[in-house]
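Here's the structure, in structure tokens; my notes come after.
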Number of protein chains: 4
Amino acid sequence: MPPRLSKIERRQQLIEAALRAFGAKGFHGTQVTDIIKEAGVARGTFYLYFDSKRALFDELVEDIYQRVRAVIKPINKKDIGKIPGEILGNIERATTLLLENPLLIKIFFSDAVGLDADFDSKLREYYNLILEKIRGGLTHGQRMGIIGEGDVEILSLCLMGSLKELLYQHFLGTHKAPLKKIVEEVYRIVLHATLHPDMVKYMRKVT
Amino acid sequence: MPPRLSKIERRQQLIEAALRAFGAKGFHGTQVTDIIKEAGVARGTFYLYFDSKRALFDELVEDIYQRVRAVIKPINKKDIGKIPGEILGNIERATTLLLENPLLIKIFFSDAVGLDADFDSKLREYYNLILEKIRGGLTHGQRMGIIGEGDVEILSLCLMGSLKELLYQHFLGTHKAPLKKIVEEVYRIVLHATLHPDMVKYMRKVT
Amino acid sequence: MPPRLSKIERRQQLIEAALRAFGAKGFHGTQVTDIIKEAGVARGTFYLYFDSKRALFDELVEDIYQRVRAVIKPINKKDIGKIPGEILGNIERATTLLLENPLLIKIFFSDAVGLDADFDSKLREYYNLILEKIRGGLTHGQRMGIIGEGDVEILSLCLMGSLKELLYQHFLGTHKAPLKKIVEEVYRIVLHATLHPDMVKYMRKVT
Amino acid sequence: MPPRLSKIERRQQLIEAALRAFGAKGFHGTQVTDIIKEAGVARGTFYLYFDSKRALFDELVEDIYQRVRAVIKPINKKDIGKIPGEILGNIERATTLLLENPLLIKIFFSDAVGLDADFDSKLREYYNLILEKIRGGLTHGQRMGIIGEGDVEILSLCLMGSLKELLYQHFLGTHKAPLKKIVEEVYRIVLHATLHPDMVKYMRKVT
DNA sequence: TATGAATGAGGCTTCATTCAT
DNA sequence: TATGAATGAAGCCTCATTCAT
């Protein structure tokens with residue numbers, strides 16, 4: 001009775017159902033029953049496409065991570081004047097991606113946290129890869145005199161933490177500012193907190 | 001075998017065992033069995049002190065929250081010159097508390113997240129209360145010309161997010177800077193990101 | 001191993017296993033384990049068909065009650081001469097039903113008694129509905145001069161009590177008279193205890 | 001702190017507490033905790049006086065049984081004219097005893113039923129002893145021409161069933177007729193149902 | 001490929017009883 | 001004799017996964 005779908009479509013259908021279910025109730029709060037009801041398939045069908053509930057979740061998280069990475073472009077360090085704009089672009093694209101897919105935020109920032117030791121270390125790895133990009137940018141910027149003094153380690157954590165918090169609170173509905181506003185403000189804060197005083201002129205231009 | 005401890009001590013013993021267990025394996029990963037083994041008491045004893053595994057966890061989280069709140073002192077807004085120092089004090093005390101009790105961080109930032117809808121909303125409430133303090137301080141600061149322009153809502157989220165991230169990464173072991181260093185750096189960033197340019201002279205004094 | 005049975009059959013199989021188990025050991029003496037062993041299914045299967053051990057028991061009792069009610073027909077009060085025969089028919093049908101299903105008796109009269117306050121009040125309700133029928137019949141009979149004087153309330157309780165006791169003792173094996181004998185004798189007693197002296201001629205006819 | 005009581009008083013205190021507790025919630029619904037709270041003693045104290053919750057319950061039931069037996073006097077079969085009065089006396093005393101101690105009814109008729117196979121057979125024994133008395137009286141009465149024809153076995157079960165039902169419903173509150181009324185009516189029914197027609201004149205005298 | 005009934009290990013909680021003080 | 005903290009066997013229910021059709 002469920003319209004015959006190709007293997008890929010059926011798989012996608014299950015992934016989307018799981019996304020909604022995990023997003024709504026978290027990993028532990030979601031039962032396989034919830035997912036198959038949402039997808040409108042039988043229990044056995046689920047295991048035709050995924051090895052386990054956990055395997056599906058892992059896949060979901062990995063996918064989210066890849067999508068985030070994909071929108072973060074390396075910054076062209078040759079042209080100083082363009083750097084702020086490129087940073088801004090990265091922030092904007094990542095933020096847009098996640099804000100447009102609130103469930104991704106919920107799952108990545110909340111369900112995926114504290115699942116178990118194995119998973120936590122994988123998650124840490126993900127964050128580290130993103131952090132490295134930020135760190136790399138900052139270090140480079142300091143060497144070039146764009147970025148002001150300060151501990152790059154800590155600074156990058158603060159940047160990531162800020163972004164995570166903004167996204168998470170946005171998802172929670174506590175703070176429903178429009179995307180554009182968020183991006184602008186984050187950008188302003190980031191630059192204030194990081195830019196070398198002499199660079200403020202570039203900053204103004206962009207904002 | 002051990003009616004050696006007073007009721008209060010036994011309770012404390014269980015709380016500490018639970019703290020370790022939850023900290024190590026998260027709420028779902030921790031069985032009552034783990035807690036009682038850790039504490040060295042019988043199964044029934046656990047339920048003599050707590051209604052359920054969940055009730056104990058709730059108590060733990062509530063307790064952490066209360067301890068954090070307790071170290072955050074209201075800022076005396078009369079003496080402008082002292083404000084940065086008082087902010088610094090708050091950051092320092094909260095940070096110290098959590099860094100000295102890494103399990104608190106793990107539980108509050110990770111296990112407690114995404115547990116279920118009910119709990120999430122309670123957690124959100126907690127964060128809101130802390131956010132309100134930050135927001136209040138920033139707003140007041142702006143009116144007095146201490147804090148620069150910018151969206152207070154977003155700024156406060158960034159500040160909290162930064163702190164959370166630093167603490168969490170510290171717990172994860174990714175970033176094991178000494179307490180003093182963290183506090184200083186956070187303070188520097190916070191002020192850079194928030195202070196009105198004219199206030200920089202006060203900032204220098206403190207750092 | 002057995003997806004041999006239809007959902008309805010499996011359900012019935014479980015009901016019968018439960019009937020035997022409850023009949024043999026009472027509600028508290030019966031574990032879910034007993035029922036599933038008796039039925040030869042796995043633990044989870046039980047909960048596939050019933051919400052809980054208690055829910056199954058409730059259903060059983062409700063079902064017994066419905067079956068008893070179903071055999072008790074309203075008495076046609078137009079034809080005086082037929083009334084005794086119709087009363088006799090009701091007694092006979094109810095008695096037959098229960099004697100043929102001794103476990104029903106055990107469960108309804110014994111296991112179900114004193115289970116808890118909620119259940120007791122439901123049971124009371126059941127008995128009241130049956131009592132009302134008896135009371136109604138007696139009152140009507142008195143108005144028509146068929147039934148002799150006497151407190152209808154008390155009389156109806158005695159009638160029901162007599163029947164309950166006979167059935168229960170029959171189940172206990174204390175008194176294993178054949179069904180026909182029991183029905184006749186009950187009928188005789190009931191009529192002696194209730195009939196108006198002038199009605200004795202009708203009574204003789206039937207017996 | 002509980003006023004020093006003699007062993008016997010403390011025991012009695014526990015028995016009364018248990019009577020109330022069992023009466024209110026049944027055997028299974030009553031926890032040792034309920035009894036000791038009601039009695040105001042410590043947990044260990046309970047086991048100083050009774051081997052187990054069950055042992056206490058058994059004792060209670062045995063005691064009820066003895067008290068009922070004690071009020072049922074043998075009937076002097078010499079003087080025909082006095083027999084109805086003596087029967088009436090027995091009914092009256094037994095009824096009075098139980099109606100004055102509603103908890104006894106609840107426990108004996110409800111909690112004690114269906115407890116387990118062992119107990120059920122003991123209970124059956126009790127009832128048999130009482131039934132034997134009734135049966136004996138009826139048989140004797142038939143031989144002397146006082147009691148009419150009919151199966152004594154069945155008749156005696158009906159009598160006991162009637163009494164049990166009246167008492168039970170009285171306890172349940174469904175039927176709160178005054179003691180005197182109940183006794184009279186039962187007596188009337190019993191005699192109607194059992195007496196030889198020629199004996200009606202004696203009956204009238206007593207009522 | 002799809003179904004959904006069946007499985008059973010796993011985990012939570014209860015409560016009668018014990019025992020050190 | 002009294003206490004009450006501690007015990008742990010027992011029992012209920014859940015839910016991810018399997019498998020016969």
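Predicted model only: the values in this text are computed from it and were never measured. The chains referred to below are lettered A, B, ... by the order of the sequence lines, with proteins before strands, and numbering in each begins at 1.
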Round to the nearest Å and state the distance from [X] atom [atom1] to [N] atom [atom2].
X: A:Asp34; N: F:dT14; atom1: CG; atom2: C1'; value: 13 Å
X: D:Glu9; N: F:dA2; atom1: CD; atom2: C1'; value: 16 Å
X: D:Ile35; N: E:dT17; atom1: CD1; atom2: P; value: 10 Å
X: C:Arg11; N: E:dA5; atom1: CZ; atom2: C1'; value: 15 Å
X: D:Lys37; N: F:dT3; atom1: NZ; atom2: C1'; value: 16 Å
X: A:Ile36; N: E:dA2; atom1: CD1; atom2: C1'; value: 12 Å
X: C:Leu56; N: F:dC13; atom1: CG; atom2: C1'; value: 14 Å
X: A:Lys25; N: F:dT14; atom1: NZ; atom2: P; value: 14 Å

Given the side-chain rings of B:Phe108 and B:Tyr127, with only the six-membered ring counted for Trp, is the space between their centroids under 6.0 Å? yes

Less than 4.0 angstrom between a side-chain N/O of B:Arg10 and OP1 or OP2 of F:dA6, yes or no? yes

Decide side chain to side chain contact (heavy atoms under 4.5 Å, CB included) for D:Leu19 and D:Leu104; before the verdict, give the C-alpha distance in whole Å, the side-chain angles of both, and the deciding distance to 0.1 Å. CA-CA 8 Å; D:Leu19 218 43; D:Leu104 300 189; 4.3 Å; yes

Hey, which of these two, B:Lys7 or C:Val32, hits DNA chain F nearer its 5' end, going by closest nucleotide? B:Lys7

Less than 4.0 Å between a side-chain N and a carboxylate O, is that true for D:Asp120 and C:Lys25? no

By side-chain contact (heavy atoms from CB on, under 4.5 Å), which residues pair with C:Ala24, not counting sequence neighbours? none

For A:Ala42, give me all partners under side-chain contact (heavy atoms from CB on, under 4.5 Å), at least two apart in sequence or on another chain. A:Thr45

Decide yes or no on side chain to side chain contact (heavy atoms under 4.5 Å, CB included) for C:Gln13 and C:Glu9, but give the supporting numbers first. CA-CA 6 Å; C:Gln13 178 197 28; C:Glu9 286 170 321; over 6 Å; no

Where each pair must be Watson-Crick or G-U wobble with both distances under 3.5 Å, what dot-bracket representation of DNA chain E is obtained, with crossing pairs in [ ] and other-strand partners as |? .||||||||||||||||||||

Do any N or O atoms from the side chain of A:Arg11 and from the backbone of A:Tyr49 form a donor-acceptor pair under 3.5 angstrom? yes

Taking only residues two or more places apart in sequence, or in another chain, which ones meet D:Phe109 in a ring pair (Phe, Tyr, Trp, His ring centres under 6.0 Å)? none

Sorted by chain and number, sequence neighbours left out, ring pair (Phe, Tyr, Trp, His ring centres under 6.0 Å) with C:Phe22 holds for C:Phe27, C:Phe57

Scan residues 42-53 of chain C against DNA chain E and write down, sorted by residue number, each residue with any heavy atom closer than 4.0 Å; if none is found, say none. C:Ala42, C:Arg43, C:Gly44, C:Thr45, C:Leu48, C:Tyr49

